[in-house]
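Beneath this line is the structure, given in structure tokens, with notes to follow.
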Protein chains: 4
Amino acid sequence: MNPHHRWRQRLYIIIFESDTPAGRRFDTLLLLTILASLGVVMVDSIESVHARYHGLLSGLEWTFTALFALEYLLRLYCSPKPLRYAFSFFGLVDLLAVLPAILALAFADAQYLLIVRVIRMIRIFRILKLRQYLAQANFLLTALRSSRRKIIVFLVTVSSLVTVFGTLMYVIEGPANGFTSIPTSIYWAIVTLTTVGFGDITPKTPLGQMVASLVMITGYSIIAVPTGIFTAELTQALRQEGQLLHDCPHCGKASHERSASFCSRCGSLLFPRRRGDDGS
Amino acid sequence: MNPHHRWRQRLYIIIFESDTPAGRRFDTLLLLTILASLGVVMVDSIESVHARYHGLLSGLEWTFTALFALEYLLRLYCSPKPLRYAFSFFGLVDLLAVLPAILALAFADAQYLLIVRVIRMIRIFRILKLRQYLAQANFLLTALRSSRRKIIVFLVTVSSLVTVFGTLMYVIEGPANGFTSIPTSIYWAIVTLTTVGFGDITPKTPLGQMVASLVMITGYSIIAVPTGIFTAELTQALRQEGQLLHDCPHCGKASHERSASFCSRCGSLLFPRRRGDDGS
Amino acid sequence: MNPHHRWRQRLYIIIFESDTPAGRRFDTLLLLTILASLGVVMVDSIESVHARYHGLLSGLEWTFTALFALEYLLRLYCSPKPLRYAFSFFGLVDLLAVLPAILALAFADAQYLLIVRVIRMIRIFRILKLRQYLAQANFLLTALRSSRRKIIVFLVTVSSLVTVFGTLMYVIEGPANGFTSIPTSIYWAIVTLTTVGFGDITPKTPLGQMVASLVMITGYSIIAVPTGIFTAELTQALRQEGQLLHDCPHCGKASHERSASFCSRCGSLLFPRRRGDDGS
Amino acid sequence: MNPHHRWRQRLYIIIFESDTPAGRRFDTLLLLTILASLGVVMVDSIESVHARYHGLLSGLEWTFTALFALEYLLRLYCSPKPLRYAFSFFGLVDLLAVLPAILALAFADAQYLLIVRVIRMIRIFRILKLRQYLAQANFLLTALRSSRRKIIVFLVTVSSLVTVFGTLMYVIEGPANGFTSIPTSIYWAIVTLTTVGFGDITPKTPLGQMVASLVMITGYSIIAVPTGIFTAELTQALRQEGQLLHDCPHCGKASHERSASFCSRCGSLLFPRRRGDDGS
């Protein structure tokens, strides 16, 4: 193996993996850089700070962009399959971290680029991914995925409820009381059903207040539905975790202690061998 | 079978069923038409849009009504038992989708017809029903139904709480602080107990703020009750899906505890092995 | 048995029990009367209604009071142990339904009597009690009682949190931004932690908004605690419901199918008889 | 044992333990003193009370400080290992209860000392600790600890959501509608996602209201996640309290599935009966 190749491999381990001390240090550094660049974006949006320190913040922004560009190039360089990396999800996210500055050169109105600059934050998940948190996230996602259909039924029901309640309130209260149009009234119904309750639009007529009470009690009660669905799925998932899933050949019992040799229900060997091998 | 009859049957399959590609395409088209007609109703309620585009939107509304009328007639035509369809739940909902326009010809004040026009949306559930979501909805409904009585006890308790707290606040704060009558105070208590908190009416006196704090902490805590009821029922429903169905070889008892080794009626082993396998 | 005694007994069955058609009719009538008297109290508190219909409403109130007084006397009369009834919980509540009118004769300022008049509503629970709902209510109460200590720990923690956060906000924001005193700031912390969010007092300084964000995320997260406690207890209670709780004399298994004769874990007789009676 | 030593030991039991009547009385007295000193701090922060009764309240504050100082010295005196006590968690908290007054002599601006004075409240937990509540608190803490990683994943996701949504709203609504900077917009996103909804900042543009609706529905749905995690862990914890602890008579394996009839390691019956009892 030539030394160049070796150096590239070591770089790969530092940048892409996180099991070595060097890799872990690189991850921590990257995390701090991402958070710092986010901080710059946020602080720069405050009027008074922008007026006084814009030059400094702009310089920092360019420094961070340069760092991210360098990191992107290093990732491309040390990756064994650069094209595959470039078009992977995190490859595109890494590219996105560099783009805003380049786009800002082309376009004067950088306002909408703010969002792209904030999306850099997704890269935090790359670092979490490299640690032990992925298993937990996966766990939650599995529970969510297996209750997908129940959640769709729930969301369609909620959408119908806010549409009907919104229209009803538009008819009852009318533009004079702030319910200026059906979309606005639906917005109010969402604000109320989700128990947020801004108070920018509120019912004034007795009938409107009665319908509003109904919306609130509905919202207060049906929050039980997503919670119940998710909790039931998670309890199910937790119970199966760390258990042996292998049907007993004799009685069919499906889940066993992880170390089980015999079925705890019928006492048969779970993994019977060819005739003669077996203890019977 | 005469060709006319065959054509009618094919139409039935397209319109009423959704297992064939044609049926699925029809459903999708219907879904889009319903959503579009809903969109027209909503957009037309915005003052500025109404002023400029009312002619166009009115034309679209008439087009959608004509389409729904055509669909209704086709359903009546191809249904094997037209009367039974006409008086079924979804038959009435389908009719409701056509009615508003006809009623609007008779009555000048179309304001209240808006609600009828929005109720068209219920037809979305007809389409969902024809897919695999019904089983999931049924699952949720079973859990809700089996906890019906617990929910009634909960709702009666909540109603009593808001009535007592509302009256208390009316007495403490009085009309001077916005609590103009007992019904208004009860409306405030509902807004507060459900943690919506519009802020249109708020307590001003120290004693009122103390009672309000009590209402809020109560509301924050008892939300556990509907959630707990629904989750427990759902967990129960999920678990009961798999009771052990295995006839006892001795007495024939058919259903047992999931983990049973011995029949609880006659004490025989449920899964006896060949003589000599058993450790006893 | 003399006819007088028989008539008294029949009255007892109608008034106190609800298994006969007559008893059920009496309960329904009483429920309607209670709701009507509540309605009168509420409607009378509306300024405009009070001005116009006070005479009528006052008359209705006196009628209801007379009815309740009559009912109270009948209950005393037909009860086998009148004194025991009079000092029972519901006996006192029944008396409370009559008191306000009598007290109103003595005191001019009837404002605080409103609450007593509303407490009549508790009598609704008497009617529910006589039906099948009591078991469900008991079920919920059992779950609440068995998690009593966990709930106290939770409430003490919440009280400490709102006190500390309230004081912190008083120091940070100060009277100039609406946080006029520590009790007011604690009231704000309760409004925020319970996710009610009236918006009558809101943080203005950046530091205050950061602390407020912390309070909100805390409140949003720890609502999981009462919900989790209650759900876990209820799931436990539901599982044990309708199961035979009798320790197996051989292996100690505690809960069995309701109809079990033999333990499903070890196959022993659950209720072994004296030597010789047993099938062994 | 000399009488001095005996007296010191008796004092130790009264002050540090709570199993004796004297210990319990001491705890109750201490609890009342702490609550009273908290009350003084709170009441003194009300403008009108401060103006009139400051002298009295200041005197009470000094009395309480003297009492706490005396208690601290007694604890140091009777503790068998005074240094170890002084540097224990509760030792430091006890010292903290005395410090504010001493610091107030040195510094004129006592505003920030308020927080130290309120932190005295933590001592309430010392008293709870000495009773039976600790087990329950521990139970809740175990459930929280074992779901630590899931909660971190959840909090990182929530933080990312509010950052992205906040920036989006800043771009859409802009400073003209109250979204003056990205930090302020993130504060708004937290207020909305947690369903608090103060209403001090609200979206005005249709697009902003649509994004706000999305934030609210997200917040309303994902509250299921912490609740589900905690409930599932608590249910798990409650269930694990009773695993079957019974040595296998053949191989000696000590812990088994709750419902096991046969040992999962050697396949022997866990509860063998006398020969002839068994149905096999």
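So that the names make sense, note that chain A is the first sequence line, chain B the second, and so on, each numbered from 1.
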Item to check | Which atoms of Ile229(B) approach chain A - backbone, side chain, both or neither, heavy atom under 4.5 Å | outcome: neither
Checklist outcome for this item: Applying a strict 4.5 Å limit to non-hydrogen atoms, the region of Val191(B) in contact with chain A is both
Item to check | Under 3.5 Å: donor-acceptor pair, side chain of Tyr220(A), backbone of Ile223(B) | outcome: yes
Checklist entry - For the candidates Ile217(A), Thr184(A), Leu193(A), Thr180(A), which exhibits the highest count of non-hydrogen atom pairs separated by less than 4.5 Å from chain B? => result Ile217(A)
Checklist entry - Is there a donor-acceptor pair closer than 3.5 Å between any side-chain N or O of Ser45(A) and the backbone N or O of Met42(A)? => result yes
Next on the checklist: With a 3.5 Å distance limit and no angle check, can you tell me whether Ser160(A) reaches the backbone of Val156(A) through a side-chain donor-acceptor pair?
Outcome noted: yes
Checklist entry - Taking side chain as C-beta onward, heavy atoms only, is Val211(A) less than 4.5 Å from Met169(A)? => result yes
Checklist entry - Quick one: are Trp188(A) and Pro203(A) in side-chain contact, heavy atoms under 4.5 Å? => result yes
Item to check | Among Ile182(B), Val162(B), Asp200(B), the one residue meeting side chain to side chain contact (heavy atoms under 4.5 Å, CB included) with Tyr187(B) | outcome: Asp200(B)
Item to check | When Thr194(B), Thr227(B), Thr231(B) are compared by non-hydrogen pairs under 4.5 Å with chain A, the top option | outcome: Thr194(B)
Next on the checklist: Counting only non-hydrogen atoms closer than 4.5 Å, does Ser185(A) touch chain B with its backbone (N, CA, C, O), its side chain (CB onward), both, or neither?
Outcome noted: neither
Checklist entry - Measuring heavy-atom distances to chain B, does Ile186(A) have an atom under 4.5 Å in its side chain, in its backbone, in both, or in neither? => result side chain
Checklist entry - Using non-hydrogen atoms only, which part of Val164(A) is less than 4.5 Å away from chain B: side chain, backbone, both, or neither? => result both
Checklist entry - Given a strict heavy-atom distance threshold of 4.5 Å, which part of Val49(B) is in contact with chain A: side chain, backbone, both, or neither? => result neither
Checklist outcome for this item: Closest non-hydrogen contact found for Thr192(B) with Ala212(B) is CG2-O, 4.4 Å
Item to check | Per-residue contact mode, Ile201(B) against chain A (heavy atom under 4.5 angstrom) | outcome: neither
Checklist entry - Between Gly219(B), Ala224(B), Pro183(B), Gly199(B), which shows the greatest number of heavy-atom pairs under 4.5 Å with chain A? => result Gly219(B)
